[in-house]
Novice: 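One structure coming up, written as structure tokens, with questions to follow.
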2 protein chains.
Amino acid sequence: MTKAVKIYLFKMDNLGNTIRKLREAKELPLRTVAAYLDIDQAILSKIERGQRKINRDQVIRLAQYFEVKEETLLVSWLSDKLVYELEDEELALKALQVAEEKIKYTTLKPKK
Amino acid sequence: MTKAVKIYLFKMDNLGNTIRKLREAKELPLRTVAAYLDIDQAILSKIERGQRKINRDQVIRLAQYFEVKEETLLVSWLSDKLVYELEDEELALKALQVAEEKIKYTTLKPKK
DNA sequence: ATATATTTTGACAGCTTTTGTCAAAAATAG
DNA sequence: CTATTTTTGACAAAAGCTGTCAAAATATAT
């Protein structure tokens, strides 16, 4: 049995912070959640602090585990990766806008 | 001496295509441009066709070489990386928007 | 068509990065 | 203080990236 605690997620948080908040809200030790993900607790500790990467499958499993929408965590995970890719780039915002156009463009005109 | 040819770059092109267009506009063989970048021509061939990555320094050198704005090629390069990171993701556009918010957010409030 | 130049391909080795494991150290809770 | 949890860093294995090379394929020119 886990505690039912109302928890408000902050969109600007990176996924690591969000995971930590979710885990602490339920007062679960790293050990427990790590076991569920089948990884070492040291890795989960690092994931929560942004020192290690988490993969897509693990994000999805966590969404189920913590009963939050998959989309919420996936968007957080993806956007973290984008932000990481753009770190220290002055052209970050321009690149994001062009990327958006490119994706819209190729979605409209599927290749082949 | 290189030919002076008016060339129009297409924003939606990936960087590889743009490089190829620039190179062909000047009628230069892979060999020549590759030598300038100090890489094997096989790699440049792959870069132009999107099979290999190009790094930041190489992008900047190419901008100088082809006399186009650094920003133009860097934005193309960065946005390609973002698109690559998001390939096959249905949440791509949402992730881009959140990434934009995150970057604006942390730029306004520099940490520490 | 032949000869020449250019481009593409794939195998390979070396290097870097990523990933997970582990145990000890540090921090926190009771 | 004791017990529990979290963090840290060293390590090895696995995966990924980079450049080199030569042969195969393609394109160009005569």
Side-chain angles (χ1 to χ4, degrees), chain A residues 1-3 5 7 13-62 65-66 77-78 80-89 111, chain B residues 1-3 5 13-62 65-66 73 77-78 80-89 111:
Chain A
M1 236 337 245
T2 53
K3 290 206 178 172
V5 176
I7 156 150
D13 271 344
N14 57 44
L15 181 56
N17 285 334
T18 299
I19 294 170
R20 175 146 295 190
K21 285 180 182 175
L22 287 167
R23 183 175 61 79
E24 291 182 339
K26 296 202 170 179
E27 295 181 28
L28 298 168
L30 288 168
R31 178 171 28 85
T32 305
V33 180
Y36 175 79
L37 289 180
D38 195 27
I39 58 176
D40 193 284
Q41 64 170 26
I43 295 182
L44 183 56
S45 169
K46 287 168 185 167
I47 286 172
E48 290 185 347
R49 285 169 302 114
Q51 293 176 9
R52 281 283 177 121
K53 293 176 182 171
I54 184 170
N55 67 40
R56 203 175 193 286
D57 287 345
Q58 290 166 338
V59 173
I60 290 172
R61 300 188 69 191
L62 284 181
Y65 189 75
F66 289 122
W77 173 67
L78 285 169
D80 279 0
K81 291 204 294 179
L82 300 181
V83 169
Y84 179 79
E85 198 78 65
L86 293 170
E87 74 178 356
D88 303 326
E89 285 288 352
K111 73 173 170 186
Chain B
M1 234 342 244
T2 53
K3 292 206 176 171
V5 175
D13 271 343
N14 56 44
L15 181 56
N17 285 335
T18 299
I19 293 169
R20 175 146 295 191
K21 285 180 181 173
L22 287 167
R23 183 175 62 80
E24 291 183 339
K26 295 201 170 179
E27 295 180 29
L28 298 168
L30 287 169
R31 176 170 30 84
T32 305
V33 180
Y36 175 78
L37 289 181
D38 195 27
I39 58 175
D40 194 283
Q41 63 170 28
I43 295 183
L44 183 55
S45 169
K46 286 168 186 167
I47 286 172
E48 290 185 347
R49 285 169 301 113
Q51 293 175 9
R52 283 281 179 122
K53 292 176 182 170
I54 184 170
N55 66 40
R56 205 175 192 287
D57 286 345
Q58 290 165 337
V59 172
I60 289 172
R61 299 189 69 190
L62 285 180
Y65 189 75
F66 289 121
L73 297 196
W77 172 68
L78 285 170
D80 278 0
K81 291 205 294 179
L82 300 182
V83 169
Y84 179 78
E85 197 77 65
L86 293 170
E87 74 178 356
D88 303 326
E89 286 287 354
K111 73 172 170 185

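Only heavy atoms go into these numbers, but all of them, side chains included; no hydrogens, no water, no symmetry mates. Here is how names work: the chains are called A, B, and so on, in the same order as the sequence lines, proteins then strands, and each is numbered from 1.
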Novice: Residues of residues 37-45 of chain B with any non-hydrogen atom less than 4.0 angstrom from an atom of DNA chain C: list those, numerically ordered, please.
Specialist: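 B/Q41, B/A42, B/S45, in order of number.
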Novice: Could you state the NZ-P distance from B/K46 to D/dA25, rounded to the nearest angstrom?
Specialist: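 So the two atoms are 16 Å apart, to the nearest Å.
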Novice: Bend angle of the helix from C/dA1-D/dT30 to C/dG30-D/dC1 from five-pair axes at both ends, rounded to 10°?
Specialist: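 Axis-to-axis angle, ends of the helix: 40°.
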Novice: Can you list the residues that meet the side-chain contact (heavy atoms from CB on, under 4.5 Å) rule with B/N17, with sequence neighbours excluded?
Specialist: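 Here the qualifying residues are B/D13, B/N14.
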Novice: Please state how far atom CZ in B/R49 lies from atom C1' in D/dT26, giving the value in whole angstrom units.
Specialist: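 It works out to 12 Å between those atoms.
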Novice: Using a 4.0 Å cut-off to any heavy atom of chain B, which nucleotides of DNA chain C are the first and last in contact, reading 5' to 3'?
Specialist: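 The protein-touched segment is C/dT6 to C/dG10.
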Novice: Can you list everything that forms a side-chain contact (heavy atoms from CB on, under 4.5 Å) with B/E85? Sequence neighbours excluded, please.
Specialist: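 So B/E85 forms a side-chain contact (heavy atoms from CB on, under 4.5 Å) with A/K81, A/L82, A/E85.
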Novice: In whole angstrom, what separates A/R31's CZ from D/dT4's P?
Specialist: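 Taking CZ of A/R31 and P of D/dT4, I get 9 Å after rounding.
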Novice: What is the distance, rounded to the nearest whole Å, between atom CG of A/L30 and atom C1' of D/dT5?
Specialist: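 One finds 7 Å between C1' of D/dT5 and CG of A/L30, rounded.
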Novice: Could you tell me the separation between the OH atom of B/Y65 and the CD1 atom of B/I19, rounded to the nearest 0.5 Å?
Specialist: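 Atom-to-atom, B/Y65:OH and B/I19:CD1 are 12.5 Å apart.
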Novice: I need the full list of side chain to side chain donor-acceptor pair (under 3.5 Å) pairs touching residues 35-48 of chain B, with sequence neighbours left out, sorted by first then second residue.
Specialist: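 Qualifying pairs, neighbours excluded: B/R20-B/E48, B/R23-B/E48, B/S45-B/R49.
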Novice: What residues, two or more places apart in sequence or in another chain, satisfy side-chain contact (heavy atoms from CB on, under 4.5 Å) together with A/V83?
Specialist: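 With sequence neighbours excluded, A/V83 shows a side-chain contact (heavy atoms from CB on, under 4.5 Å) to B/A99, B/K102, B/I103, given in chain and number order.
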Novice: A/N55: what forms a side-chain contact (heavy atoms from CB on, under 4.5 Å) with it, not counting sequence neighbours?
Specialist: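 Partners of A/N55 under the side-chain contact (heavy atoms from CB on, under 4.5 Å) test: A/D57, A/Q58.
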Novice: From CD1 of A/I47 over to C1' of D/dT6, roughly how many Å is that when rounded to an integer?
Specialist: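 Going from A/I47 (CD1) to D/dT6 (C1'), I get 15 Å.
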Novice: By a strict heavy-atom criterion of less than 4.0 Å, which residues belonging to residues 51-60 of chain B are in contact with DNA chain D?
Specialist: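 Residues of residues 51-60 of chain B that come under 4.0 Å of DNA chain D are, in numerical order, B/R52, B/K53.
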Novice: Does A/L62 reach the side chain of A/L22, with side-chain heavy atoms less than 4.5 Å apart?
Specialist: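 Of all side-chain heavy-atom pairs linking A/L22 with A/L62, none is under 4.5 Å.
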Novice: Pick out which of B/L15, B/L44, B/L73 makes a side chain to side chain contact (heavy atoms under 4.5 Å, CB included) with B/I54.
Specialist: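 Single side chain to side chain contact (heavy atoms under 4.5 Å, CB included) partner of B/I54 among B/L15, B/L44, B/L73: B/L15.
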Novice: Who are the salt bridge (charged side-chain N to carboxylate O under 4.0 Å, His left out) partners of A/R56, not counting sequence neighbours?
Specialist: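 Scan of A/R56 (salt bridge (charged side-chain N to carboxylate O under 4.0 Å, His left out), adjacent residues dropped) gives B/E89.
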Novice: Roughly how far apart are B/F66 CZ and B/L28 CG, rounded to 0.5 Å?
Specialist: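 Nearest 0.5 Å value for the CZ-CG distance: 6.0 Å.
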